[in-house]
Amino acid sequence: MQKLTKDFFLNDSVTNVAQELLGKVLFTNINGNISSGIIVETEAYCGRDDKACHAYNGKITKRNEVMYAQGGIAYVYLCYGMHNMLNVVTNTAGHADAVLIRAVEPLEGLSYMLARKQTSKIERISSGPGNVCKAFGIELIHNETDFGGNELWLEENPTHFDFEIRASTRIGVDYAGDDAKRLWRYSIKDNKWVSK
DNA sequence: TCGACGATGACCT
DNA sequence: GGTCATCGTCGAA
């Protein structure tokens with residue numbers, strides 16, 4: 001098992017990182033309960049010129065300031081009053097880029113995921129950004145968590161496998177005008193854990 | 001202070 | 001296809 005190194009996150013191209021994160025493994029250790037899963041769907045957000053991004057045009061608020069930090073930490077925020085969203089902050093300090101983790105294929109800790117979601121249905125338990133956080137126990141307190149730590153981290157996939165990347169438009173960003181048309185949502189083609 | 005609004009998901013017809 | 005739960009954040013007042 002090999003954790004992703006710091007320079008993985010410092011890449012200047014957030015769309016490259018979003019694609020490279022596919023196939024990587026997300027881990028959480030919540031009160032000693034370890035869950036993991038393969039990232040199968042991501043979306044890129046770029047502060048510099050992307051209206052869909054919370055940090056568009058240099059906007060800085062208490063919520064999004066973590067996006068301006070050096071890459072390699074988590075940006076977690078509450079959406080619609082009930083769903084947490086997990087983002088991976090990328091690029092060097094001062095560049096507000098982040099990758100939203102939209103769907104994961106479960107590996108370990110399925111029983112913890114079922115318990116957190118209070119369900120017995122495995123189907124789509126970690127498909128969709130709100131479900132990823134719920135299943136993995138990620139909450140607002142994990143905002144700014146360093147991916148180099150032992151609570152929330154990312155690893156290379158120990159099993160090498162080939163897959164085709166599918167690019168499509170991002171979800172729920174219609175307000176962003178032309179930027180909503182960007183093909184910045186990436187998924188592993190034909191993977192059943194990709195969100196609908 | 002206060003009102004409007006989400007980078008959603010579950011369940012309904 | 002449609003509705004609605006639910007609350008932190010933002011920006012206007």
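Note that these values count all heavy atoms, side chains included, but never hydrogens, waters or copies made by symmetry. In what follows, chains carry the letters A, B, and so on, assigned in the order in which the sequence lines appear, proteins first and then strands, with residues in each chain numbered from 1.
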Is a salt bridge present between R48(A) and D12(A), judged by a nitrogen-to-oxygen distance below 4.0 Å?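 Between D12(A) and R48(A) there is no salt bridge, as every charged N stays at least 4.0 Å from the carboxylate O atoms.
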Are I122(A) and L114(A) close enough, and set up right, to give a side-chain contact (heavy atoms from CB on, under 4.5 Å), and what steps lead you there? CA-CA 7 Å; I122(A) 293 172; L114(A) 292 167; 4.1 Å; yes
Hydrogens and angles aside, do T5(A) and D7(A) bring a side-chain donor and acceptor to less than 3.5 Å of each other?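 Yes, because at least one side-chain N or O of T5(A) sits under 3.5 Å from a partner of the opposite role on D7(A).
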Between the side chains of K117(A) and N131(A), is a donor N or O closer than 3.5 angstrom to an acceptor N or O?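 Yes, because at least one side-chain N or O of K117(A) sits under 3.5 Å from a partner of the opposite role on N131(A).
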Any residue in [range] with a heavy atom nearer than 4.0 angstrom to DNA chain B? Just list them by number, or reply none.
{"range": "residues 178-196 of chain A", "answer": "none"}
{"range": "residues 129-144 of chain A", "answer": "P129(A), G130(A), N131(A)"}
{"range": "residues 163-177 of chain A", "answer": "I171(A), G172(A), V173(A), Y175(A)"}
{"range": "residues 81-90 of chain A", "answer": "G81(A), H83(A), M85(A), N87(A)"}
{"range": "residues 45-52 of chain A", "answer": "Y45(A), A52(A)"}

Among Y45(A), Y68(A), Y77(A), Y175(A), whose ring-ring contact (aromatic ring centres under 6.0 Å, His included) with H54(A) holds?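 Option passing the ring-ring contact (aromatic ring centres under 6.0 Å, His included) with H54(A): Y77(A).
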Under 4.0 Å from any heavy atom of chain A: name the first and the last nucleotide of DNA chain B that qualifies, 5' to 3'.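 Answer, 5' to 3': dG6(B) to dA10(B).
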Begin with the C-alpha distance, continue with both residues' side-chain angles, and end with the deciding distance and a verdict on side-chain contact (heavy atoms from CB on, under 4.5 Å) for R166(A) and E164(A). CA-CA 6 Å; R166(A) 184 181 153 78; E164(A) 211 176 309; over 6 Å; no
Between L86(A) and F9(A), is there a shared hydrophobic cluster once you connect ILVMFWY residues whose side-chain heavy atoms come closer than 4.5 Å?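 Yes: a chain of side-chain contacts under 4.5 Å links L86(A) to F9(A).
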Should M67(A) and L140(A) be regarded as members of a common hydrophobic cluster, given that ILVMFWY residues are connected when their side-chain heavy atoms come within less than 4.5 Å of each other, either directly or indirectly?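 No, M67(A) does not connect to L140(A) through the hydrophobic network.
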Walk me through whether W153(A) and D146(A) qualify under side-chain contact (heavy atoms from CB on, under 4.5 Å). CA-CA 8 Å; W153(A) 71 96; D146(A) 196 308; over 6 Å; no
Residue whose nearest DNA chain B nucleotide is more 5′ - R124(A) or C79(A):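 Result: C79(A).
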Verify side-chain contact (heavy atoms from CB on, under 4.5 Å) between L183(A) and T169(A), making sure each step is shown before the conclusion. CA-CA 5 Å; L183(A) 298 177; T169(A) 54; 3.9 Å; yes
Under the salt bridge (Lys or Arg N to Asp or Glu O under 4.0 Å) rule, what pairs show up with a residue in residues 63-79 of chain A, not counting sequence neighbours?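 Listed by first then second residue: nothing to list.
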Selection residues 88-108 of chain A - residue pairs positive for salt bridge (Lys or Arg N to Asp or Glu O under 4.0 Å), sequence neighbours left out: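 Qualifying pairs: E41(A)-R102(A), E43(A)-R102(A).
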So, using salt bridge (charged side-chain N to carboxylate O under 4.0 Å, His left out) as the criterion, who are the partners of D49(A) when residues are at least two apart?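 For D49(A), the residues satisfying salt bridge (charged side-chain N to carboxylate O under 4.0 Å, His left out) (neighbours in sequence not counted) are R182(A).
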Side chain to side chain, [X] and [Y], heavy atoms closer than 4.5 Å:
{"X": "V88(A)", "Y": "V17(A)", "value": "no"}
{"X": "P106(A)", "Y": "I125(A)", "value": "yes"}
{"X": "F147(A)", "Y": "L4(A)", "value": "no"}
{"X": "C46(A)", "Y": "W184(A)", "value": "yes"}
{"X": "N157(A)", "Y": "I38(A)", "value": "yes"}

Donor-acceptor list for residues 20-31 of chain A side chains, cut-off 3.5 Å, not counting sequence neighbours:
unit_1 : atom_1 : unit_2  : atom_2 : d
K24(A) : NZ     : E20(A)  : O      : 3.1
T28(A) : OG1    : F136(A) : O      : 3.0
N29(A) : OD1    : G32(A)  : N      : 2.9

Please report the closest heavy-atom contact between W193(A) and R124(A), naming both atoms and the distance.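 The pair with the smallest heavy-atom distance is CZ3-N, 3.6 Å.
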Consecutive Watson-Crick or G-U pairs in runs of at least 3, all under 3.5 Å, in which DNA chain C is involved: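 Runs of three or more consecutive pairs: B:1-6 with C:7-12, B:8-12 with C:1-5.
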Step by step, would you call H95(A) with T92(A) a side-chain hydrogen bond (donor to acceptor under 3.5 Å, both in side chains)? CA-CA 6 Å; H95(A) 296 90; T92(A) 50; 3.1 Å; yes
Atom pair CE (M113(A)) and CG (N33(A)), whose distance is rounded to the nearest 0.5 Å: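 These two atoms lie 11.0 Å from each other.
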Please list each protein N or O that sits under 3.5 Å from an N or O in nucleotides 11-13 of chain C, with the distance.
unit_1  : atom_1 : unit_2 : atom_2 : d
dG11(C) : OP1    : K59(A) : NZ     : 3.4

Starting from P on dC10(C), measure out to CD1 on I60(A) and report it in whole angstrom.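 Roughly 11 Å, once rounded to whole Å.
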